[in-house]
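In what follows, a structure is listed as structure tokens, so that the remarks can point back to it.
All values derive from a computational prediction rather than experimental measurement.
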Amino acid sequence: GSFLVGAASEAPLKASGLAALVEEAEKHVGSPRLHATDFAAGRPSSNLKVFIYDLPSKYHVDVLRGFDQKFTLKSNCDFMLSPCDEETWAGKRSSLRQVGGEVPILLKFLQVPKVAPELANLFVVPFFIRLACVLANVRFRCSGSDLVRQFFQDIDKLLPYWRPENADRHLFLATGEPHTLPLEVMSLPLVVTQGAIWPPESQHVVMPISEPHAQLQPSAYSPSSSRDLLFMYTGTANNIPRRLLHEALVRFSKRHQAAHFRCPSSVSTRNCSTLLEMPGMRRGDDAKASELSPSGMVSLMRRSVFCPCPPAENPAAGTKRLWDSLAAGCLPVVIGFPGLGGRNWWRPGGSGLPRALPFANSLLGCS
């Protein structure tokens, strides 16, 4: 179906504001579409009456276009407008896909039947907040983003239906870790983020890392016919758990003589890959982390039985590896650190799994 944008008027949209985002998305085959049951009768979402503010292009589609201007390394994929397997590593442009979940979320909401604002019970604010922070070279708090600062200064003009009594029905999109977001966003009652990192428990809507790989989409995915690799791990030995994991895999490989282990120089160096074969099966591919494309890494995950997921530089990076492993059918191996409110998957003393990982209770059996 065609995109529908909430507005009081039934007049056709021109190619400005949200219409410009719609026009950009429809250039790409496979752009996110609603699932048939997303708004089926009986589901909680079936009672939603959605209105979407028609914000100027600078708050959404221009943010996406800014990535092509900002990052010199080019990719064969667009930025989160459609599923795509990256054939080469494009530096930060590739890694930032893990915080781009606000793009497919908005594209799905744009397909929800529109209602007039006086009938709405959910107001969607189409501002890519986390990505705007990235473009401003702001990693934490985002106070240095002129666009974010201007938005909150002009919020009454940009959101004419914003009232204290309906603030909890305004949905903001900021798919990063809460500690990286502007304080104004962290204080909002309804915002999509990637989950709480520290207590107290967040009231944010928690979403998993968006899965951009085409080969892992439900319509394209099929279980791999062979799992000839026992372990697949590639990463940087830049923290203690990663270094210990790295050393344990090296010891295992020497003991069983069943691994391909490649590093640029020494065992303790950065950017190492470990591919451990299943006994009696064909040898795995030689690989260095620096030489693997994002698509190549996923392909190796689909051939592996276990995928170690040690702590990363930040929770988003660690969570992405975890969700990629699950989608690839590779069993993720995580470290159960003692945490506050349950076991933590990425650092000692962090928030427990039910607070930091979407669907943790049903997915991992946490209590």
Where do Pro308 and Arg321 come nearest, in terms of heavy atoms and distance? O-CD, 3.5 Å

Given side chains that start at C-beta, do those of Ile129 and Pro182 come closer than 4.5 Å, heavy atoms only? yes

Co-membership, hydrophobic cluster, residues Leu147 and Leu183, 4.5 Å side-chain: yes

Quick one: closest heavy-atom pair of Ile335 and Pro241, and the distance? CD1-CB, 3.8 Å

With side chains defined as the heavy atoms from C-beta onward, is the minimum distance between Pro56 and Leu158 less than 4.5 Å? yes

Atom of Ser57, atom of Gly17 and distance for their closest heavy-atom approach: OG-N, 3.3 Å

I want to check something: taking the side chain as every heavy atom from C-beta on, are Leu48 and Asn121 in contact at a cut-off of under 4.5 Å? yes

Verify the neighbour count for atom CD of Glu87: are there more than 12 heavy atoms of other residues, nucleotides or ligands below 6.0 Å? no

Quick one: list whatever passes ring-ring contact (aromatic ring centres under 6.0 Å, His included) with Phe79, sequence neighbours left out. Phe67

Would you please name every residue forming a ring-ring contact (aromatic ring centres under 6.0 Å, His included) with Tyr59, sequence neighbours left out? Phe127, Phe151

Looking at His28, is its backbone amide N or carbonyl O close enough to the side chain of Ser31 to form a donor-acceptor pair, meaning the two atoms are under 3.5 Å apart? no

Within the side chain of Arg169, is there an N or O that forms a donor-acceptor pair under 3.5 Å with the backbone of Ala120? yes

Spell out, as yes or no, whether a donor-acceptor pair under 3.5 Å connects the side chain of Ser304 to the backbone of Phe306. no

Any chance you could lay out the side chain to side chain contact (heavy atoms under 4.5 Å, CB included) test for Leu21 and Leu64, step after step, and finish with the verdict? CA-CA 9 Å; Leu21 176 62; Leu64 298 182; 4.1 Å; yes

Minimum side-chain heavy-atom gap Arg97-Met80 below 4.5 Å: yes

Distance alone, cut at 3.5 Å: any donor-acceptor contact between the side chains of Ser94 and Glu86? yes

Donor-acceptor pair, side chain of Ser145 and main chain of Cys133, under 3.5 angstrom: no

Just to verify, what does Thr88 make a side chain to side chain contact (heavy atoms under 4.5 Å, CB included) with, not counting sequence neighbours? none

Separation of Asp146 CG from Leu135 CG (nearest 0.5 Å): 12.0 Å

Met232 and Arg303: side chain to side chain contact (heavy atoms under 4.5 Å, CB included), yes or no, with the steps? CA-CA 9 Å; Met232 188 279 176; Arg303 290 173 47 193; over 6 Å; no

Is the backbone N or O of Thr175 less than 3.5 Å from a side-chain atom of Arg130, with the two atoms forming a donor-acceptor pair by type? no

Is there a side-chain contact between Met301 and Asp324, using heavy atoms and a 4.5 Å cut-off? yes

Is the side chain of Arg227 donor-acceptor paired with the backbone N or O of Arg302 at a distance under 3.5 Å, no angle test? yes

Which residues share a side chain to side chain contact (heavy atoms under 4.5 Å, CB included) with Asp85, sequence neighbours left out: His213, Ala214, Gln215, Ser295

Which residues satisfy the side-chain hydrogen bond (donor to acceptor under 3.5 Å, both in side chains) test with Lys157, sequence neighbours excluded? none

Considering only heavy atoms from C-beta outward, does the side chain of Leu122 approach that of Leu190 to under 4.5 Å? yes

Partner of His170 by side chain to side chain donor-acceptor pair (under 3.5 Å), out of Tyr53, Trp162, Tyr161: Tyr53

Joint hydrophobic cluster, Phe231 plus Leu244, side-chain heavy atoms closer than 4.5 Å: no

Does atom NZ of Lys74 have more than 12 heavy-atom neighbours, drawn from other residues, nucleotides or ligands, at distances under 6.0 Å? yes

Quick check against the 3.5 Å criterion: does Asp156 have a side-chain atom that pairs as donor or acceptor with the backbone of Pro160? no

A side-chain contact here means heavy atoms from C-beta on lying under 4.5 Å apart; do Leu107 and Leu81 qualify? yes

Measure from the side-chain N and O atoms of His60 to the backbone N and O of Phe128, and report whether any donor-acceptor pair falls under 3.5 Å. no

Out of curiosity, Thr193 OG1 to Leu173 CG, how far, rounded to the nearest 0.5 Å? 11.0 Å

Filter on disulfide (SG to SG under 2.5 Å), then keep only pairs touching residues 157-194, sequence neighbours left out; what's left? none

Let me see the working for Ile52 and Leu110 under side chain to side chain contact (heavy atoms under 4.5 Å, CB included), right down to the final yes or no. CA-CA 8 Å; Ile52 306 178; Leu110 286 172; 3.9 Å; yes

I want to check something: taking the side chain as every heavy atom from C-beta on, are Tyr233 and Leu245 in contact at a cut-off of under 4.5 Å? yes

So, for Ala174 and Val185, which heavy atoms are closest and what is the spacing to 0.1 Å? CB-CG1, 4.0 Å

So, are Asp62 and Arg65 salt-bridged, with charged N and O less than 4.0 Å apart? yes

Roughly how far apart are Glu102 CD and Ser210 OG, rounded to 0.5 Å? 10.5 Å

Decide side chain to side chain contact (heavy atoms under 4.5 Å, CB included) for Leu55 and Leu18; before the verdict, give the C-alpha distance in whole Å, the side-chain angles of both, and the deciding distance to 0.1 Å. CA-CA 7 Å; Leu55 294 184; Leu18 279 177; 6.0 Å; no

